[in-house]
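Right, one structure below, let's go through it.
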Amino acid sequence: MSEGYVLPRTGSANDPVRLAILVSGGGSGLAALLRYQQTPRCHRTVLVLADKVDVGGLLHGREASVKSIGVPLPMEIEKDDRREAHERLVNAELEAADVELVVLSGYMRIFSPWFVKRWKGRLVNIHPSLLPDFPGAHAHRDALAAGVSVTGCTVHLVNEGVDSGPILAQREIEVLSGDNEEALQERVKMMEHTLYPEVLDRLCSGQISL
Ligand code: GAR
């Protein structure tokens, strides 16, 4: 399971691990992380990156005076080569900012094996279900359709599969009888906003080993 994973170095409040947070949408999780980091922690966000130029997440980054950039898909490149070309652009930004840990927070793209290999162990994701149940882009819809009574969220290291890397932490929540996708999503997000900072504290202070 631990093959090829290189975990981040141990950070401290004086020398925090340098994070990039990647988003595709409104970024409520990103905003929660930036709020958490207002107190010195063993990790600090140095870059917010979105796969579009006009998403709300970028505003949260800018409000916190963190470099915040949109890196859209290079549409001028032929479709077959576009994903890799995009990942190379993203990777160049991460390297230029001396990023040490990539934190996916509602980033809705799947990385290629090339990118995963480059960051393996230093690429972490939060997913709104109790993995391995309900991977993919519609976790809440799938959980409701399956009629489960408990769902939750998972923080995991990213591997070459979809939502299938080593699990670092999970938190459960009851599905209520009147729940629809939106209501469930909001309640799960509230849990995510406390779980992700806790896991990043552990990951960036040497408390996680594979
Ligand atoms: C979060 O619930 C996150 O777990 C989910 O997107 C939401 C982003 O919300 N991620 C995925 O579904 C990844 N497959 P936010 O933009 O308000 O932070």
Side-chain angles (χ1 to χ4, degrees), residues 19-38 43 45 47-64 66 68-72 83 86-87 90 101-112 115-116 119 123-146 148 150-176 179-200 203:
L19 308 191
I21 304 181
L22 272 53
V23 296
S24 295
S28 68
L30 159 71
L33 266 170
L34 292 173
R35 270 197 307 277
Y36 184 75
Q37 291 172 338
Q38 280 171 0
H43 45 85
T45 300
L47 179 68
V48 171
L49 187 148
D51 57 350
K52 301 176 199 85
V53 290
D54 56 356
V55 297
L58 291 172
L59 300 179
H60 293 304
R62 287 177 190 137
E63 274 163 23
V66 175
S68 301
I69 52 172
V71 180
R83 177 164 83 149
H86 181 245
E87 290 182 357
V90 170
L101 175 64
V102 179
V103 175
L104 307 181
S105 185
Y107 189 71
M108 301 308 275
R109 298 191 58 78
I110 309 292
F111 284 112
S112 71
F115 188 92
V116 172
W119 290 97
L123 180 57
V124 63
N125 183 40
I126 191 158
H127 182 78
S129 76
L130 296 174
L131 292 172
D133 290 344
F134 313 122
H138 305 290
H140 300 301
R141 187 192 305 173
D142 296 345
L144 288 170
V148 294
V150 173
T151 185
C153 54
T154 303
V155 178
H156 67 96
L157 294 175
V158 176
N159 68 1
E160 292 78 0
V162 176
D163 299 326
S164 57
I167 290 174
L168 304 180
Q170 292 186 306
R171 198 157 283 170
E172 294 184 355
I173 195 170
E174 207 184 325
V175 180
L176 304 177
D179 265 342
N180 57 22
E181 244 183 272
E182 292 69 34
L184 195 54
Q185 180 181 53
E186 280 317 301
R187 293 213 318 289
V188 170
K189 277 190 189 183
M190 291 302 115
M191 280 195 323
E192 293 184 339
H193 296 175
T194 55
L195 182 64
Y196 221 177
E198 281 174 32
V199 177
L200 292 177
L203 186 59

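Indexing begins at 1, ligand by ligand and atom by atom, following the structure's order. Both backbone and side-chain heavy atoms feed into the values below; hydrogens, waters and symmetry mates do not.
- Residues of the protein with a heavy atom under 4.0 Å from ligand 1 are G26, G27, S28, G29, G106, M108, I126, H127, P128, G136, K189, E192, listed by chain and number.
- Judged by distance alone, with hydrogens and angles left aside, the side-chain atoms of Q37 form a donor-acceptor pair with the main-chain N or O of T45 at under 3.5 Å.
- Residues passing the side-chain contact (heavy atoms from CB on, under 4.5 Å) test with T154, sequence neighbours excluded: L131, H156, I167, Q170.
- Between the side chain of E192 and the main chain of I126, no donor-acceptor pair closer than 3.5 Å is present.
- Residues passing the side-chain contact (heavy atoms from CB on, under 4.5 Å) test with R171 are C153, M191, T194, L195, E198, sequence neighbours excluded.
- When atom types are taken as modelled, the side chain of H127 and the backbone of S164 share no donor-acceptor pair closer than 3.5 angstrom.
- Under the side-chain hydrogen bond (donor to acceptor under 3.5 Å, both in side chains) criterion, R83 pairs with no residue, sequence neighbours left out.
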